[in-house]
Amino acid sequence: MVRRSVPGYQAMIEMIGLMVKIYGQDNSNYYDLGASTGTTSLALSINNNHINNRIIAVDNSPNMIKKCEANFANKLSNLETICSNIEDIYIENASIVVLNLTLQFIKPEKRQSLINT
Ligand SMILES: C[S@@+](CC[C@H](N)C(=O)[O-])C[C@H]1O[C@@H](n2cnc3c(N)ncnc32)[C@H](O)[C@@H]1O
């Protein structure tokens, strides 16, 4: 649905694929915050040229997490899903943290502290 409703969505996903190639590091985690159905997680996976990475997809909607798992859990062996508010998760050993079209759902006064974590 986002693909149809957001102009330039496909270009955004392609840019994320480019960024994982440039900024991803071996032996690190890639976080997809507000993962929805997992399109960004997939881009992180298929464009990844690094080794030993976990892709951690986080969303606070149980339905979105279910769809993400149905879409990719069996296809991406290194995908982990977490159903949680992104403000409550602990980001560890990350080389990539993506908030694609998600930051606007966080209260303005809380955005900077989320970015700082
Ligand atoms: C527009 S969609 C994101 C699209 C997705 N990142 C992509 O690249 O296709 C926003 C998602 O953020 C999730 N979301 C909103 N507020 C959240 C929060 N506080 N914690 C976790 N997920 C949240 C929504 O459930 C929704 O799935």
Side-chain angles (χ1 to χ4, degrees):
M1 193 176 76
V2 184
R3 190 180 295 277
R4 277 176 292 162
S5 59
V6 176
Y9 180 76
Q10 186 56 37
M12 278 177 216
I13 295 298
E14 286 170 18
M15 287 305 294
I16 290 166
L18 187 59
M19 284 183 195
V20 74
K21 286 182 178 155
I22 297 171
Y23 296 107
Q25 291 173 15
D26 294 348
N27 307 308
S28 70
N29 296 326
Y30 301 161
Y31 286 83
D32 178 9
L33 304 183
S36 192
T37 56
T39 306
T40 290
S41 294
L42 180 64
L44 292 174
S45 175
I46 61 178
N47 293 288
N48 187 25
N49 54 358
H50 305 279
I51 58 162
N52 194 23
N53 304 108
R54 277 194 311 159
I55 297 169
I56 302 169
V58 185
D59 205 289
N60 63 355
S61 160
N63 282 340
M64 290 299 160
I65 288 292
K66 255 189 228 162
K67 283 185 186 161
C68 180
E69 286 172 351
N71 285 342
F72 303 119
N74 293 335
K75 296 179 192 136
L76 306 182
S77 59
N78 59 345
L79 177 71
E80 185 180 312
T81 56
I82 302 176
C83 189
S84 168
N85 186 333
I86 57 176
E87 295 165 276
D88 296 337
I89 62 153
Y90 180 61
I91 307 273
E92 60 179 350
N93 188 33
S95 60
I96 300 272
V97 180
V98 183
L99 279 154
N100 193 39
L101 303 170
T102 302
L103 196 59
Q104 70 268 31
F105 293 100
I106 302 300
K107 285 186 182 164
E109 64 273 20
K110 293 187 163 180
R111 290 177 189 168
Q112 192 59 52
S113 67
L114 175 63
I115 288 169
N116 293 347
T117 56

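In listed order, ligands and their atoms are each counted from 1.
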**Message:** As an exercise, identify every atom of ligand 1 less than 4.0 angstrom from a heavy atom of Ser84.
**Reply:**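 The list of qualifying atoms is 20 (N), 21 (C).
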**Request:** Could you tell me which atoms of ligand 1, counted from 1 in the order shown, lie closer than 4.0 angstrom to a heavy atom of Ser36?
**Result:**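 What qualifies from ligand 1 is 4 (C), 5 (C), 27 (O).
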**Asked** For ligand 1, is Asn85 a contact, meaning one of its heavy atoms is under 4.0 Å away?
**Response**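 Contact present.
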**Request:** Would you check whether Gly38 reaches within less than 4.0 Å of ligand 1, judged by its heavy atoms?
**Result:**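 No, Gly38 has no heavy atoms under 4.0 Å from ligand 1.
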So which heavy atom in the protein is nearest [atom], and how far is it from that ligand atom?
atom: atom 1 (C) of ligand 1; value: Leu101 O, 3.4 Å
atom: atom 12 (O) of ligand 1; value: Gly34 CA, 3.6 Å
atom: atom 4 (C) of ligand 1; value: Asn100 O, 3.7 Å
atom: atom 18 (C) of ligand 1; value: Asn60 ND2, 3.3 Å
atom: atom 16 (N) of ligand 1; value: Phe105 CB, 3.5 Å

**Message:** Tell me every residue that passes side chain to side chain contact (heavy atoms under 4.5 Å, CB included) with Asn27, counting only those two or more places apart in sequence or in another chain.
**Reply:**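 Only Asn52 meet the side chain to side chain contact (heavy atoms under 4.5 Å, CB included) criterion with Asn27.
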**Message:** If you define the side chain from C-beta out and look only at heavy atoms, does anything of Arg111 sit under 4.5 Å from Phe105?
**Reply:**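 Arg111 does not reach Phe105 side chain to side chain.
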Polar atom proximity, [X] to ligand 1 (N or O, under 3.5 Å):
X: Tyr9; result: yes
X: Ser61; result: no
X: Ile106; result: no
X: Thr40; result: yes
X: Met64; result: no

**Message:** Taking Ser41's backbone N and O only, do any of them form a donor-acceptor pair with Asp32's side chain (distance below 3.5 Å, no angle check)?
**Reply:**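 Side chain of Asp32 to backbone of Ser41: a pair is present.
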Nearest-0.5 Å distance, [atom1] of residue [X] to [atom2] of residue [Y]:
X: Ser28; Y: Asn93; atom1: OG; atom2: CG; result: 6.0 Å
X: Ile96; Y: His50; atom1: CD1; atom2: NE2; result: 7.0 Å
X: Ser36; Y: Lys67; atom1: OG; atom2: NZ; result: 8.0 Å

**Message:** Could you check whether Asn78 and Arg54, counting side-chain N and O atoms only, form a donor-acceptor pair closer than 3.5 Å?
**Reply:**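 No pair is found: no donor N or O on one side chain lies under 3.5 Å from an acceptor on the other.
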**Prompt:** For the residue pair Ile56 and Ile82, what are the closest heavy atoms and their distance?
**Reply:**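 Shortest heavy-atom contact: CG2-CD1, 3.5 Å.
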**Request:** Pick, from Ile86, Ile16, Asp59, the option with the minimum heavy-atom distance to atom 24 (C) of ligand 1.
**Result:**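 Closest candidate by heavy-atom distance is Asp59.
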**Request:** Taking atom CG of Asn74 as the centre, report whether more than 12 heavy atoms of other residues, nucleotides or ligands fall under 6.0 Å from it.
**Result:**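 Open: at most 12 neighbouring heavy atoms sit under 6.0 Å from CG of Asn74.
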**Request:** For Asn29 and Asn53, run side-chain hydrogen bond (donor to acceptor under 3.5 Å, both in side chains): C-alpha distance rounded to whole Å, both residues' side-chain angles, the deciding distance at 0.1 Å, then the answer.
**Result:** CA-CA 5 Å; Asn29 296 326; Asn53 304 108; over 6 Å; no
**Prompt:** Given that the side chain starts at C-beta and the backbone is N, CA, C, O, which of these parts of Thr37 lies under 4.0 Å from ligand 1, counting heavy atoms, or is it both or neither?
**Reply:**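 The answer is neither.
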